[in-house]
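I have placed the structure first, in the form of structure tokens, so that the comments after it can refer back to it.
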Amino acid sequence: MSPRGDAPAGARKTRQGAGGASAGGASAGGASAGAAKLVSGKRIIVACGPGGVGKTTMAAALGVFAAIRDGGKVLVVTVDPARRLADALGIGSIGNTQRQVPMAAFEEAGVKPKGELWAAMLDMKESWDDLVRRHAPDAATRDHILSNPLYQSISARFVQSQDYIAMERLYQIYTDGDYDLVIVDTPPSRNALDFLDAPKRMADFFSSRLLKWLLVPYRAKWINVASRPFYQIADRILGSQFLTDISDFFASFQTMYDGFVRRAQAVERLIEGRETSFIVISTLEEVPLREARTFLDELGSRGLGLSAVLLNKVLPAYLRDPKALALAGQLESETAEIAAEIAGSVTGVDAETLARVLAEMARGFNDFHASAEREARLRKRLEDRSLPVMAVPYMDTEVTDLRGLFTLAEAIET
Amino acid sequence: MLNKRLLFVTGKGGVGKTTVAAAVAVLAARKGLRTLLCEVDGKGELSGVLGSSAVSYKEREMASGLFAMSMDTEAALREYLRIYMHIPVVGRIGPLAKAFDFVATAAPGVKEILIVGKLCYEVRERTYDLVVVDATATGHVVAHLAAPQVLAELVKVGLIESQTKWMVGMLSDPQVTGLVIVATPEEMPVTETIELVERVENETSVNLTSVVVNRVLPELFARSEEEQFDILCSDKGVKAFTDAAGAGSSALLDGARMAVNLRRSSTLHMERLRDALPGDVPVLNVPYCFDPGSAPDLVDQVAASLSEELGL
């Protein structure tokens, strides 16, 4: 279980601002100003955005940055971490319960953190079991639910449950008050901010009249007129045993109704509160950006706090250098002359091969130049909307340790 | 790949799954196959890559022989009830559909079975030569592919029981059904692909047809050229290059270094992927498009690359 600190429940600790003097040398506008801006004074950061843009890695990088620069206890909650992330954090695996990133891992990376870094992953089954244990009115109901075959299947597979669990865990962790900063990496959802509605949907589900109506016949062992057509058809399709299992399951699950609803409301308040800030992460590609824009629209219409649009893997600016582009063009026709000139002054150069090398370099530059120009056009469209845009340049080396994650966070440009 | 009847195309988010699925369907239609392309997760990306208006449950012919539809579980339920329960009046089943949808949301596998059921139905009815499914991403696709088995375990009687049986039969027939996984030559997509291959093997009866590696960067230099490039990158080389070529030379060198590094790391991931896959599963490479133009243009380019890789 999580280590209980002495902090009062309800998490009323105040966090030191990080952008200024306490940030260990970071000054506004200098290197790492972007990351400092994103984490400083924050209590909860929700990293959202389309899949495949590096959300999990960025969430971890911000966590590492905050632990090193700001101090305090920082927790990164991820949905589906890669093996590599656990390795990079220096922990064998990321489990459902929070684990501390060992100080030795920081030492190995050559950095001295001011605070502690913890990591947890959302395990659907374990999280659901925890919930049932917490909300079940008595031991008998609890065991009845936990052993129901439908429950087993639902807790592991129910697609929307991931959204709900993410928010539920966030709330639990926050109210336990053990952490100064919690960074949550959100599950990939079908619709932009599905996960924000998950607690409410879950509460609606349990309070639904439909559910109550559905439960009546099988519990009372009689079928009323209103529900007869439904049951006749459902019986023929699914068979009555399955329906009995379902209604039996919901009957016991309903005993937890009050707990769920209260919980859902509290989670909703937390998300909408000022403690929570959102970062929308995307790459500069058409499809992810389209999805990111719907995230932004929804955050806007809900009045939720957007910290920044964080563009990941942005191609370096030199690819758009007009002089380099001109040179690439020149190399197409004058390769032989330039190669010969170099061969004249550097030993080991074979003019003919070097000419091919230069031609390839020019071709490669033109290719990447086209991509960089496309990215710039897409970026401008975002900036035209006067959104707070930050960018992380493309790294051609892979992040393999804490140092790499820290470097990534430091590279965030405002 | 194109000699199957039902192809599920999946992949980690952001690897170009929808584009590849569309390219496979475009290719099939051009080869004269009556093809249905179905989007399952309802994000509406299909209309974007096809450059068409919104795609709906009712299939529409987008190009000669290429039909597209977007999955809608409620509509699938209506169709199911109409065909198997002989309940034709949509109005009357309104509340019924709502109730059923409610059970389906809660009960595992019911929604998935409606989706997979509709797809299998189209194959069985032989309306199409090939059904290409832009399936859910790697995280959820196993739930879909395994739905008939899961439901078969939970439901022992009723109409569904016999229906799940023929679905399992169809899905597990390697002549009929195949899975295509799309990856990019990067750490996470390759790792997820390898994990998915294992899960598909253990938890479903569907056979892996091929893996498509999308956005493969070109090799910049041959080996002998790489040697010369290294000399060019030495202090003396850089100076000579700058003297000879003037401004812009450092950006050109940086760009080339980046291209070489990216290609190197992607080669490693491609090797890792190849090593982890069963030997008989072909890996199809689709080159990176630096300036693809519009989304439908990209589909065309990917289709052309796949056609070449498949030797069509």
Side-chain angles (χ1 to χ4, degrees), chain A residues 50-53 80 82-84 149-150 153-154 157-159 188 190 210 214 229-230 233-239 241-242 246 250 286-288 290 316 318-319 321 323-324 326-328 338 341-342 345-346 348-350 353-354 356-357 360-362 364-365 367-368 370-371 374 396-398, chain B residues 12-15 41-43 45 48 81 85 87 96 98-100 102-103 106-109 137 139-140 143 150 154-161 187-189 191 220-221 224-225 228-229 231-232 236-237 240-241 244-249 251-252 254-256 258-259 261-262 265 290-291 295:
Chain A
V53 297
D80 192 16
R83 174 85 238 160
R84 183 171 56 90
L150 271 178
S153 200
I154 285 177
R157 288 180 224 257
F158 190 16
V159 175
R190 282 154 200 243
L210 201 52
L214 193 65
F230 171 72
I233 291 162
D235 245 32
R236 278 177 61 196
I237 301 172
L238 294 165
Q241 184 54 47
F242 186 55
I246 291 178
F250 285 115
E286 291 276 358
V287 176
R290 203 180 311 142
Y318 65 74
L319 290 172
D321 179 0
K323 283 185 189 133
L327 176 58
I338 295 174
E341 200 180 325
I342 297 170
S345 61
V346 184
V349 168
D350 169 55
T353 315
L354 185 66
R356 285 206 305 274
V357 168
E360 282 297 293
M361 282 170 63
F365 188 87
D367 280 347
F368 279 102
S371 289
R374 191 182 68 238
D396 55 16
T397 50
E398 270 167 15
Chain B
K12 182 179 160 53
V15 300
D41 67 6
K43 273 188 184 172
E45 270 176 31
L81 292 176
M85 296 286 115
I87 304 174
L96 183 68
K98 209 174 154 199
F100 197 95
F102 185 79
V103 176
H140 296 317
V150 171
L154 288 167
V155 185
K156 301 286 186 201
V157 289
L159 190 54
I160 277 278
E161 201 261 327
E187 166 78 30
M188 292 279 285
T191 304
L220 209 53
F221 303 127
S224 64
E225 293 171 354
Q228 292 293 308
F229 179 65
I231 298 175
L232 192 65
K236 273 191 177 163
F241 183 39
S249 53
L252 237 68
D254 285 344
M258 184 181 76
N261 284 342
L262 285 175
S265 85
F290 285 95
D291 199 9

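Below, chains carry the letters A, B, ... as their sequence lines are ordered, and counting in each starts from 1. This one's a predicted model, so the numbers in the text were calculated from it and none came from an experiment.
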Does A/Glu341 have any side-chain contact (heavy atoms from CB on, under 4.5 Å) partners at least two apart in sequence or in another chain, and if so, which?
B/Ala244
Sorted by chain and residue number, the side-chain contact (heavy atoms from CB on, under 4.5 Å) partners of A/Ala328 (sequence neighbours excluded) come out as A/Ala362, A/Phe365, A/Asn366, B/Leu252
Side chain from CB out, backbone as N, CA, C, O: work out which of these in B/Ser224 comes under 4.5 Å of a heavy atom of chain A, or both, or neither.
both
Would you check if A/Val357 and A/Met361 make a side-chain contact, meaning some heavy-atom pair closer than 4.5 Å?
yes
Given the options B/Gly246, B/Gly255, B/Ser265, B/Gly48, which has more heavy-atom pairs under 4.5 Å with chain A than any of the others?
B/Gly255
Taking A/Arg356 for its side chain and B/Phe221 for its backbone only, find out whether a donor-acceptor pair lies under 3.5 Å.
no
Mind checking the NZ-CE spacing from B/Lys12 to B/Met188? Nearest 0.5 Å is all I need.
4.0 Å
Is A/Ile338 in contact with chain B via its backbone, its side chain, both, or neither, using a 4.5 Å heavy-atom distance?
both
Turns out that what part of B/Leu220 lies under 4.5 Å from chain A's heavy atoms comes down to both
If you define the side chain from C-beta out and look only at heavy atoms, does anything of B/Ile231 sit under 4.5 Å from B/Gln228?
yes
Residue among A/Thr353, A/Ile342, A/Asp367, A/Val346 with most heavy-atom pairs under 4.5 Å to chain B
A/Asp367
Contact winner vs chain A - B/Ala251, B/Gly14, B/Ala259, heavy-atom pairs under 4.5 Å:
B/Ala251
Pick whichever of A/Asp350, A/Asp321, A/Val53 has the most heavy-atom pairs under 4.5 Å with chain B.
A/Asp350
